[in-house]
2 protein chains.
Amino acid sequence: MTTKKRNEELAYEKVKRAIMLRRLLPGQRVTEEWVSEEINMSRTPIRAAFKRMGNEGLLEVVPHRGAFVYNPSDKEIADVFQLRVVLESYAARLVVPKVTQENVRYMEELLAEEMRAYQAKDFEEFMRVNGLIHTYPAKLSENKFLLQQVETLNQWSDCYLILKDEFYTVPIEKVKSIPEHQCMLNAFRDGNIEGMAEAIEAHLLSTLSDLSGKRSVFN
Amino acid sequence: MTTKKRNEELAYEKVKRAIMLRRLLPGQRVTEEWVSEEINMSRTPIRAAFKRMGNEGLLEVVPHRGAFVYNPSDKEIADVFQLRVVLESYAARLVVPKVTQENVRYMEELLAEEMRAYQAKDFEEFMRVNGLIHTYPAKLSENKFLLQQVETLNQWSDCYLILKDEFYTVPIEKVKSIPEHQCMLNAFRDGNIEGMAEAIEAHLLSTLSDLSGKRSVFN
DNA sequence: AATCAATAAATTGTATACAATCTTTGGACA
DNA sequence: TGTCCAAAGATTGTATACAATTTATTGATT
């Protein structure tokens with residue numbers, strides 16, 4: 001039997017998904033009551049979900065006013081990506097020296113899945129796998145605090161950046177994510193610590209600079 | 001007039017303080033109802049505070065069971081300190097190249113306050129100033145995500161590590177924090193980027209190793 | 001027409017009652 | 001005596017009513 005989820009968790013997932021799918025836009029006001037009617041549950045679990053998203057930087061919760069979908073500035077977006085460089089490459093440095101064949105096979109499988117999702121134009125699946133690739137080193141590090149932070153920042157990035165209209169129309173050979181992830185995988189496989197750290201940095205900064213030219217698409 | 005705080009915020013502060021002062025011990029179970037009676041408010045704001053502390057790693061909230069004061073293993077404590085090294089030295093690298101005289105003066109003032117608090121054996125004040133010293137570079141970095149993370153990890157450290165029985169009895173010349181902070185200040189003043197990063201790393205790892213020998217005092 | 005104050009409306013903040021779920025206890029049965 | 005099941009107890013999860021606070025509206029006054 002599939003585990004019965006609490007409403008609080010459901011509410012969190014639904015609102016997050018709404019932001020990712022751009023049904024809720026940055027800066028938009030969202031009231032507890034509205035969500036409560038929309039997904040048919042009381043304000044109590046909605047409220048808890050709002051608070052959690054506030055902590056994670058997805059919503060801006062203003063006392064007695066309401067919640068607003070976070071509307072990051074260019075600087076804040078850059079800040080998050082630079083922090084991701086620091087944390088994700090730190091995770092890589094911890095992990096690369098002791099990767100096993102199993103780890104490499106799993107990483108290869110992730111890359112293959114990502115490719116399949118891309119070719120099938122399955123956007124949500126693509127994003128899911130992308131997240132798994134980026135958090136995998138942190139997961140292997142067994143530092144739960146590091147992992148949690150990397151996951152939160154990845155999710156934040158997903159909500160505000162990766163979802164481009166052009167995603168569906170760019171020809172596959174121009175998608176830089178896939179070769180850049182391949183580059184990370186190679187260093188990972190070879191036990192090349194600095195190579196992995198550099199590949200992560202290059203990939204994240206490349207993603208950032210690609211996106212910053214297209215900010216008008218989002219706001 | 002002093003701003004009227006929401007009960008939710010009050011509950012958060014009170015429970016956190018109870019953990020810091022070791023009135024609530026690691027591993028101890030804490031129920032919403034008990035806190036609710038203890039500080040005389042309904043379960044609603046308590047519950048919100050619990051969730052927040054769960055996100056920050058101060059409580060472990062188990063569905064339908066209750067909340068437990070987090071009881072970190074040696075490894076988890078080390079993990080947090082190593083993460084602090086990464087983040088606090090990253091903040092220093094960002095900030096040191098552009099410190100102003102004003103920044104230096106403020107940092108000097110913090111060190112002086114810390115010394116006063118120590119000599120007055122004012123523990124809570126000492127901890128407060130210690131926190132300000134460690135978060136100052138992140139504050140100057142103007143990366144709010146970095147700052148929030150550094151603050152959360154500092155607070156976590158405070159709750160689980162720094163509060164030693166011996167604090168009151170150690171002779172002042174043996175307290176390594178103060179000279180180590182002085183070392184950080186010197187690099188900060190001189191614009192010595194790597195010196196600052198190294199001083200931070202040395203200080204945090206020294207604190208960690210001092211404490212890990214004394215774990216029996218806590219658990 | 002502009003400004004300000006008072007009042008109404010909207011929304012979050014809190015309290016409380018009840019439901020769902022987990023844990024423990026007690027006893028029947030092998 | 002040990003094991004399993006059922007029922008009771010304890011605690012969180014959710015719904016709802018009401019209070020507090022902020023924002024919007026209205027109208028009087030200049």
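Per chain, numbering begins at 1; letters A, B, ... match sequence-line order.
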Exercise for review: Just report the end-to-end axis angle for the helix from C:dA1-D:dT30 to C:dA30-D:dT1, five pairs per end, to 10 degrees.
Suggested key: 10°
Practice item. Kindly compute the distance separating CD (B:E88) from CE (B:M184), expressed to the nearest 0.5 Å. Key: 7.0 Å
Exercise for review: Please figure out whether A:R65 or B:F50 has its closest DNA chain D nucleotide nearer the 5' end.
Suggested key: B:F50
Point to revise | Pairs flagged by salt bridge (Lys or Arg N to Asp or Glu O under 4.0 Å) wherever residues 136-145 of chain A is involved - sequence neighbours left out | key: A:K144-B:E76
Exercise for review: List for me each residue that meets ring-ring contact (aromatic ring centres under 6.0 Å, His included) alongside B:F145, sequence neighbours excluded, and say none if there are none.
Suggested key: A:W156
Exercise for review: Could you tell me whether the side chain of A:S36 and the main chain of A:M41 form a donor-acceptor pair under 3.5 Å?
Suggested key: yes
Practice item. Calculate the interatomic distance between B:F68 atom CZ and C:dC22 atom C1'; express it in whole Å. Key: 11 Å
Revision key, fill the gap. Once base and sugar-phosphate atoms are separated, protein heavy atoms under 4.0 Å mark nucleotides 13-20 of chain C, 5' to 3', with B, S and - as BBBB----
Point to revise | Selection residues 34-44 of chain B - residue pairs positive for salt bridge (Lys or Arg N to Asp or Glu O under 4.0 Å), sequence neighbours left out | key: B:E32-B:R43
**Study point:** Ion pair B:K5/B:E13, N-O distance below 4.0 Å
**Key:** yes
Check your understanding: Rounded to whole angstroms, how far apart are CH2 on B:W34 and C1' on D:dT12?
Key -> 17 Å
Point to revise | Of all pairs that satisfy ring-ring contact (aromatic ring centres under 6.0 Å, His included), the ones with a partner from residues 84-113 of chain A, not counting sequence neighbours | key: A:Y106-A:Y136
Exercise for review: Spell out, as yes or no, whether a donor-acceptor pair under 3.5 Å connects the side chain of B:N103 to the backbone of B:T100.
Suggested key: yes
